[in-house]
Amino acid sequence: MSENKGTLPVENKESVENSKLSPLAYKEIDGDQYPSVVPASESPDEFTLKAIIIGIVIGIIFGAANAYLGLKVGLTVSASIPAAVMAVAIFKIFFKKGTILETNLVQTIGSAGESVAAGVIFTIPAFFIWGAEVSKLEIALMAIIGGLIGVIFMIPLRKSFISKEHGKLPYPEGTACAEVLVSGQGDVSKAKTLFWGMGIGALYQALMHSNLFGLWSKEICTEIPGYKKAEISGEITPELLGVGYIIGPQIAAIMLGGAIFGWLVLIPLIALFGKYSTVSILPAKDILIKDMSAGDIWSNYIKYIGAGGVAFAGIFSLLKSIPMMINTFRTSIKSLGNNSESSSKRTDLDLSSKIVFGSSAILIIALAIYMKTLVFVDSLWLSVVAGFLVVFFGFFFVTVSSRIVGLLGSSSNPISGMTIATLLLTSIIFVISGLSTMPNAKIAVLTVGAFVCIAAAIAGDTSQDLKTGFLIGSTPKNQQMGELIGVITAGLTMGFVMYLLKDGIVRGELNAPQANLMRTVIDGVIGGNLPWALVICGAFISLVVEMLGINSLGFAVGLYLPISVSTPIMVGGLIRWWVDRKKDDPQIDEKRESGVLYSSGLIAGAALLGVFMMIAMGLYDTLSPVLDPINKPGIHIESQLNNMTINGQPFNGNYYKTDSSAFVSANEVEYTVKCNYNGKELEEKVSLGKNQKTHLFIKDGKLVSSENHKDGDSRGLIAFILLSGSLIYFCSKKDSKDAR
């Protein structure tokens with residue numbers, strides 16, 4: 001580890017005054033002509049122990065938060081800018097100084113955690129849904145090996161993509177992060193905004209969480225009178241509001257459009273034509289359409305239509321990139337020879353080719369060993385073939401991923417499409433070669449896809465980080481080592497994070513949309529049990545949307561997910577529209593950035609609290625003395641009831657505490673509540689676990705139980721309005737320095 005000596009601390013006044021990148025950062029020039037913020041002739045501190053440790057911690061935090069978020073809504077957010085801002089604040093507060101290169105190394109390591117999480121949550125949950133036994137160690141190995149493939153294969157492409165094509169490949173997120181690093185030197189106000197968001201997001205989540213205070217409903221829903229089975233709902237959480245602001249009004253509106261088409265068009269139509277059916281219609285079993293709720297129709301029919309739409313949109317986005325792929329592949333092969341030239345210029349030093357080729361050989365061997373040990377136990381040659389497929393698809397899609405994010409940004413990187421293409425081709429190879437009848441054929445195909453998906457995800461992040469480093473003046477080999485560290489440390493934690501979230505995935509509390517889609521693709525090709533009519537219908541819907549010039553992937557994702565996900569995202573998108581509408585506002589960039597940081601904080605705070613509660617539920621017996629006084633498990637009576645009995649015993653009061661000893665021999669205990677209301681005898685049966693609670697009240701003359709408070713919906717609406725107001729406040733707050 002090198003401790004380079006130099007200046008350029010975070011509080012450097014000259015840098016603060018010139019708080020913008022050179023205009024040449026945006027012009028199409030040879031990379032050798034670009035004047036980086038830190039010249040190659042200077043050697044400030046960069047690869048330092050404190051930068052590495054802070055980067056690792058931030059990477060683990062944002063990796064866990066993005067895993068939770070991605071499983072919930074199918075989207076992840078970039079950790080680069082929040083990590084950079086947090087690094088500036090940490091250096092300022094605890095170390096009094098730090099260089100811009102150290103700060104960049106922190107975001108390089110930290111953002112790797114988010115990208116590893118994205119690749120993992122797109123594929124690994126399918127193992128859980130299948131009921132396959134995959135250990136924490138196996139998940140960690142897949143995350144690390146896939147991540148290392150993405151980083152290693154990007155190293156020989158850096159000079160060609162990042163330097164030689166400067167201006168042609170703008171790498172928008174990488175350039176934006178460089179701007180934040182330069183403008184944020186010495187200014188901790190941005191970090192305050194981020195931490196405010198984290199605190200408010202965590203507090204909101206704690207007050208809402210049903211296993212904590214449970215003061216309001218997490219989801220509010222209303223039916224449309226006179227329009228059978230049509231309903232609008234919203235999951236009013238901080239992370240969805242923050243995601244909506246970050247992705248902006250256009251994508252949010254497209255997602256909501258897909259949700260509206262599913263929930264206000266297709267579901268009512270299916271209900272209309274199915275109400276006279278006297279038999280169940282596949283893929284639904286043992287239930288008639290007339291007896292289904294809107295949610296039942298969605299899960300039995302609309303979800304498959306959405307899956308077909310997402311699959312088509314992902315593959316179509318990949319097909320549109322074919323010319324770029326061919327050009328990229330040619331360029332990358334040529335660049336391998338050009339990169340053999342050594343350079344003494346600090347800002348042009350990569351990890352040596354010996355390390356690259358040696359690491360590649362080790363990865364291939366590791367892949368073969370992994371496949372032989374855990375997948376193809378009885379066949380060495382199948383392990384080698386599967387390892388070859390991973391390396392082939394991995395190198396191809398790493399180059400494609402880097403090129404696409406360079407031109408269009410990370411949000412346009414069709415990782416799902418690449419993974420689906422890998423799964424389809426691998427599945428077809430298995431079917432043609434007669435391997436589809438193997439007991440673990442699906443596991444083998446998904447394993448190949450998981451490696452490739454993780455590699456493509458981390459390659460896009462590595463490219464953006466290297467672009468940031470190029471503009472700032474970082475040492476490439478230090479960043480590349482930082483990426484490797486970030487991948488390994490984040491990968492080591494992914495097994496634990498996924499197991500913490502496993503129950504939520506299996507129960508369906510976490511949607512895991514991409515993983516469910518991958519499972520559907522493999523089941524369809526290998527197992528032959530896919531409702532193809534619904535899938536093809538979804539594909540043609542996406543085709544029509546694409547023909548109209550609309551982003552079919554965003555529309556299909558909205559169709560695939562419950563409408564409750566899209567509505568709060570749209571609220572965040574509308575707030576972003578409100579900020580962006582004043583084009584002549586001299587502070588519009590600062591306000592937009594403040595909103596992004598606050599939204600990132602909301603997402604991180606709420607997601608981390610969600611992960612913490614997953615841990616707490618797993619350790620409930622130990623933590624019950626702390627959690628029980630807050631959660632108050634049992635029956636909460638919220639209406640005036642007379643002559644009430646619970647399990648035959650008279651009871652007066654508004655809170656019946658469950659007896660923990662009753663759960664020694666059973667996971668759930670049933671309670672029968674009887675009462676008198678307006679002269680009528682009412683009865684309700686309630687099943688509770690030892691840490692669960694229910695609210696009992698009169699609704700429409702009936703005794704009903706709900707996990708939410710009687711006034712939970714109205715309370716939730718007020719709370720979400722206040723939360724949205726806090727986002728508007730941070731977006732409209734004037735910069736005190738400019739005000740002076």
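One-based numbering along the sequence shown.
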Checklist entry - Do Thr99 and Thr103 pass the side chain to side chain contact (heavy atoms under 4.5 Å, CB included) test, and can you show the C-alpha distance, the side-chain angles, and the key distance before you say yes or no? => result CA-CA 6 Å; Thr99 72; Thr103 310; over 6 Å; no

Next on the checklist: Could you go through Leu602 and Tyr245, starting from their C-alpha distance and side-chain angles, then the distance that decides it, and tell me whether this counts as side chain to side chain contact (heavy atoms under 4.5 Å, CB included)?
Outcome noted: CA-CA 11 Å; Leu602 289 178; Tyr245 181 90; over 6 Å; no

Item to check | side chain to side chain contact (heavy atoms under 4.5 Å, CB included) between Ile152 and Ile155, worked out | outcome: CA-CA 6 Å; Ile152 294 296; Ile155 293 174; 4.3 Å; yes

Item to check | Chi angles and distances behind the side chain to side chain contact (heavy atoms under 4.5 Å, CB included) call for Asn104, Gln479 | outcome: CA-CA 8 Å; Asn104 184 49; Gln479 278 195 279; 3.2 Å; yes

Item to check | Chi angles and distances behind the side-chain hydrogen bond (donor to acceptor under 3.5 Å, both in side chains) call for Asp465, Thr108 | outcome: CA-CA 6 Å; Asp465 290 341; Thr108 298; 4.6 Å; no

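A distance of 5.0 Å separates CG in Asp348 from CZ in Arg158, rounded to the nearest 0.5 Å. Separating the CD1 atom in Ile575 from the CD1 atom in Ile728 is a distance of 4.5 Å, to the nearest 0.5 Å. Note that CD of Gln250 is 13.5 Å distant from CE of Met255, once rounded to the nearest 0.5 Å. The structure places CE of Met494 at 10.5 Å from CD1 of Ile124, a figure rounded to the nearest 0.5 Å. Separation of atoms CG (Leu466) and CG (Asp350) is listed at 8.0 Å; rounding is to 0.5 Å. To the nearest 0.5 Å, atoms OG1 (Thr347) and CZ (Phe470) are separated by 8.0 Å.
Side-chain contact check for Leu101 versus Leu105: every heavy-atom pair is 4.5 Å or farther apart. At least one side-chain heavy atom of Arg576 sits less than 4.5 Å from a side-chain heavy atom of Arg592. Residues Thr123 and Val120 fail the side-chain proximity criterion, which asks for heavy atoms closer than 4.5 Å. Counting heavy atoms from C-beta on, the side chains of Phe91 and Ile54 come closer than 4.5 Å. Using a 4.5 Å cut-off on side-chain heavy atoms (C-beta onward), Leu367 and Phe451 make contact.
Residues passing the salt bridge (Lys or Arg N to Asp or Glu O under 4.0 Å) test with Glu483: none are found, sequence neighbours excluded. Here Lys477 pairs with nothing under the salt bridge (Lys or Arg N to Asp or Glu O under 4.0 Å) rule; sequence neighbours left out. The side-chain hydrogen bond (donor to acceptor under 3.5 Å, both in side chains) check on Ser359 picks up nothing, with sequence neighbours excluded.
Side-chain atoms of Thr489 come within 3.5 Å of backbone N or O of Gly486 as a donor-acceptor pair. Side chain of Ser474 to backbone of Pro476: no donor-acceptor contact under 3.5 angstrom is found.
Closest approach of Ile109 and Ala51 over heavy atoms only: CD1-O, 4.3 Å. Between Phe153 and Val391 the shortest heavy-atom distance is CE1-O, 3.9 Å. Across all non-hydrogen atoms, the minimal contact from Glu42 to Arg346 is O-NE, 2.8 Å. Considering all non-hydrogen atoms of both residues, Cys731 and Gly595 come closest at SG-CA, 3.5 Å. Of all the heavy atoms in Glu102 and Glu46, the pair that sits closest is CG-O, 3.7 Å. The two residues Ser599 and Leu727 come nearest to each other via the heavy atoms OG-CD1, 3.6 Å.
Inspection of the Asp461 and Gln464 side chains reveals no N or O donor paired with an N or O acceptor under 3.5 Å.
Using cut-offs of 30° and 60° for the angle between ring planes, the Phe730 and Tyr598 rings count as parallel.
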